[in-house]
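To find a chain, count down the sequence lines: A is the first, B the second, and so on, and within it residues start at 1.
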There are 2 protein chains.
Amino acid sequence: MSETADLPLPVPDPASASARRVQSRTTSFDVAALAGVSQSAVSRAFTPGSSIAPAKRQRILEAARKLNYVPNSIASSLTTKRTNIVALILGNLANPFYVEVLRTFIDRLQAQGRQILTFTVENGADSDEAILRVLRYQVDGVVLTSAQLSTRMTSMCHDRGIPIVLFNRYIPGSDASGVRCDNAGGGRLMAEAFLAAGARSFAMIKGDPKGTTSQDRARGFTERLLEAGVARSAIREIEGASTYDGAFSAVLAAYRREPDRLPDAIFGINDIMAMGAMDALRQRMGLKIPQDVMIGGFDDIPESRRHPYQLTTVRQPVERMVDEALAILHLDEPALPIEPGIDRQVPGRLVWRGTIPAPALPGA
Amino acid sequence: MSETADLPLPVPDPASASARRVQSRTTSFDVAALAGVSQSAVSRAFTPGSSIAPAKRQRILEAARKLNYVPNSIASSLTTKRTNIVALILGNLANPFYVEVLRTFIDRLQAQGRQILTFTVENGADSDEAILRVLRYQVDGVVLTSAQLSTRMTSMCHDRGIPIVLFNRYIPGSDASGVRCDNAGGGRLMAEAFLAAGARSFAMIKGDPKGTTSQDRARGFTERLLEAGVARSAIREIEGASTYDGAFSAVLAAYRREPDRLPDAIFGINDIMAMGAMDALRQRMGLKIPQDVMIGGFDDIPESRRHPYQLTTVRQPVERMVDEALAILHLDEPALPIEPGIDRQVPGRLVWRGTIPAPALPGA
DNA sequence: GTGAAAGCGCTAACAT
DNA sequence: ATGTTAGCGCTTTCAC
């Protein structure tokens, strides 16, 4: 998507949609007429903090009620230049972690009286088209949890005063701000857990090769192992495509024929892949976890807590990350300048469950 | 939420947000000036199917590119009275089935060039406030998968020419249109599966008691069993709150102390509850499925296919249901009248997997 | 505190 | 095919 303005966005043809179904919406003029006041008074009645006599406001609200009047936010946005809409661009809703992220953003934004415009983008695809669509709607801010973003898009947003925040990814060499879990640090935590449990040979199931998230977790994990004296050859890498099925078949492909090459411990770069690996190992290869192989994950999705898995994993503090992301957007202070280049990292936390034998304190 | 116009929606205070971050957006006038044409020519250049010389259009698009111009949809909506936005009001994203529904709606609408405004509503709460918020944004249509809806809201939408469609629920005695799975029929399918497998005593784990979905499935299930001569006393009802955890603990509460009262078969009114029940039964009570108890679910979420579950369930044809819902909205033909009172039912299909011994054809 | 009036950025007749 | 003009429904000076 290198074109910009001239790209043929699939906008519904207004020619075929031009006919109106609406008879005549009731406007603030109608309310004004009924209440016997000016139209601007009606506007004030619906604007918190504007100067209007309480009695008059009551009268107006009363009239509005009678007419089932609802202010037209589209019209007011035209003058205020604020829509109270935030765009959320998501990848992979097949990963429950991102469903949780979505839920949290919706909760927060909804409570603030803001609306959410949701987009999804193919995993790994670029989000330029989505951004362009979002720009037309003059959103107050953009949250991007998916895929790639061209620097051109970043500056188009910023030029228009629309702040944009990356969630759990960053673009090296870009001035886009973002929040992410300390993925490398989390990878290290997992390495330490495995080491403490006595593992000496390892595999990691990696996700999207272009995703910094997967790379960072793998890097932290590997680095920590190397520091501990593990040989590079004792760390195998497997591609799991970030999905349950991908991990499931990748594990089978890697070990079914040669179960003797199985490592002591396998790190699923996210929980959903760790779960796929567990199922492949147990159901298809008849192995026991953690007796035959230890497994670790990353995210702490609700499913990883369930009985068939009881997955030891690195918990991402979603709520905190969401709050930090919203803070970067500073929707409440649009006058403040957009802050570029922020890269806020939030530490993850190891959650011990059943897939790695805990060395000392099982419950911690 | 009985008030209407005067309710204090948590709208961000414009007084504090009035300051502008935007310097001066580039408008169609700027593009017109650069291209040396009238402003309306610019508008036409961006409107598919409008009469403009191809050469001129190119020149305009070129100029737009240079200026990073993007048309302002908010402004155009003001005149066209179409926003190309559809509102999606969701309950429970904790149930993967609704995540799938969300994904499907997003896919479809995005491909049509439409935007999605997403809301969530507490399960069982009324959606009036969400509707009111949505109305302000003049959306082109509303999809409601959650909770209750007052008839007052239905008519407020319809009065404004905004079509609304209920997804997998209906409101008896209302003229709101909707699409749903044939839930009662699905319940019957499950009853038949259990009977065919030789079950003679039963339990159902029910969800939201106010939800028609849960009620209908339970009703169909029960009716079919009674028809087959099963005594009402051989059908137990358990409340599972529509969640994994709810079902998990409900099953434990019901049977842990008296495992001898266990029925031959348990019907989880949705998959997520069936999964909770399975885990409770197997991990906490040491039972084998289907040898000790058979289990059936409803929805066919991706998780139910996974190895630890292999759940026999009733599949809801999500894609088809979504398409039917969008057809009712007929977004492409806004001139056509809103169709009230449609109640489209789509049949479910039994998917045999491992939690009910298949009587004859295991793979079918 | 209140009303009149001038836009916000665009589309849609209406002429030409 | 193209430019001119009049709004769409609201907010916001600006007088009073």
Side-chain angles (χ1 to χ4, degrees), chain A residues 11-15 17-20 22-33 35-60 64 67 69-84 135-138 160, chain B residues 11-15 17-20 22-33 35-60 64 67 69-84 135-138 160:
Chain A
V11 172
D13 183 355
S18 65
R20 229 37 25 73
V22 185
Q23 306 75 354
S24 61
R25 329 201 160 210
T26 88
T27 75
S28 54
F29 281 94
D30 303 323
V31 177
V37 297
S38 74
Q39 178 273 333
S40 31
V42 177
S43 173
R44 292 189 179 106
F46 281 94
T47 306
S50 67
S51 61
I52 184 173
K56 175 169 290 196
R57 157 172 276 141
Q58 281 319 312
R59 201 146 42 87
I60 293 172
L67 298 176
Y69 169 75
V70 173
N72 182 333
S73 295
I74 295 292
S76 77
S77 295
L78 197 54
T79 29
T80 61
K81 275 126 176 58
R82 293 243 102 200
T83 52
N84 287 324
L135 285 180
R136 296 189 170 207
Y137 285 85
Q138 318 290 110
R160 279 148 219 272
Chain B
V11 172
D13 183 355
S18 65
R20 232 36 25 73
V22 185
Q23 305 76 354
S24 60
R25 330 203 160 205
T26 88
T27 73
S28 54
F29 281 94
D30 303 321
V31 177
V37 297
S38 74
Q39 179 273 334
S40 34
V42 177
S43 172
R44 290 186 181 112
F46 282 94
T47 305
S50 65
S51 61
I52 183 173
K56 175 168 285 196
R57 159 173 275 144
Q58 281 317 311
R59 201 147 41 88
I60 293 174
L67 298 176
Y69 169 76
V70 172
N72 183 333
S73 295
I74 295 294
S76 77
S77 295
L78 198 53
T79 27
T80 62
K81 276 132 175 57
R82 294 240 101 198
T83 52
N84 287 325
L135 285 179
R136 294 190 171 208
Y137 284 84
Q138 320 288 116
R160 277 149 221 270

Taking only nitrogen or oxygen atoms into account, show me every contact under 3.5 Å that the protein makes with nucleotides 8-11 of chain C, one pair per line with its distance.
{"residue": "dC8(C)", "atom": "O3'", "partner": "Lys81(A)", "partner atom": "NZ", "Å": "2.9"}
{"residue": "dG9(C)", "atom": "OP1", "partner": "Lys81(A)", "partner atom": "NZ", "Å": "3.4"}
{"residue": "dG9(C)", "atom": "N2", "partner": "Ala75(B)", "partner atom": "O", "Å": "3.2"}
{"residue": "dC10(C)", "atom": "OP1", "partner": "Tyr69(B)", "partner atom": "OH", "Å": "2.6"}
{"residue": "dC10(C)", "atom": "OP1", "partner": "Asn72(B)", "partner atom": "N", "Å": "3.2"}
{"residue": "dC10(C)", "atom": "OP2", "partner": "Ser28(B)", "partner atom": "N", "Å": "2.6"}
{"residue": "dC10(C)", "atom": "OP2", "partner": "Ser28(B)", "partner atom": "OG", "Å": "2.7"}
{"residue": "dT11(C)", "atom": "OP2", "partner": "Ser43(B)", "partner atom": "OG", "Å": "2.2"}
{"residue": "dT11(C)", "atom": "O4'", "partner": "Thr79(B)", "partner atom": "OG1", "Å": "2.9"}

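- Remark: P of dA1(D) and CZ of Arg59(B) are 15 Å apart, rounded to the nearest angstrom.
- Across the protein-nucleic acid pair, Ile60(A) atom CD1 and dG3(C) atom P stand 8 Å apart, rounded to whole Å.
- Separating the CD atom of Gln138(A) from the P atom of dC10(D) is a distance of 19 Å, rounded to the nearest angstrom.
- Two residues are said to be in side-chain contact when any heavy atoms from C-beta on lie closer than 4.5 Å; Asn72(B) and Arg25(B) fail this criterion.
- Residues that satisfy the side chain to side chain donor-acceptor pair (under 3.5 Å) test with Ser40(A), not counting sequence neighbours, are Ser38(A).
- Within the helix from dG1(C)-dC16(D) to dT16(C)-dA1(D), the inter-axis angle between the opening and closing five-pair segments is 30°, rounded to 10°.
- A distance-only check finds no donor-acceptor pair linking the side chain of Arg44(B) to the backbone of Ala53(B) [under 3.5 Å].
- The closest donor-acceptor contact from the side chain of Arg59(B) to the backbone of Ala35(B) lies under 3.5 Å.
- Put simply, Lys56(A) has a side-chain N or O that comes within less than 4.0 Å of OP1 or OP2 on dT2(C).
- A heavy-atom distance below 4.5 Å is found between the side chains of Asn84(B) and Tyr137(A).
- Residues Leu78(A) and Leu78(B) share a closest heavy-atom pair of CD2-CD2, 3.2 Å.
- Taking Thr83(A) as the reference, Ser77(A), Ile85(A), Gln138(A), Asp140(A), Ile74(B) meet the side chain to side chain contact (heavy atoms under 4.5 Å, CB included) condition, with sequence neighbours excluded.
- Evaluation of the side chain to side chain donor-acceptor pair (under 3.5 Å) rule for Ser28(A) yields Gln39(A) as partners, not counting sequence neighbours.
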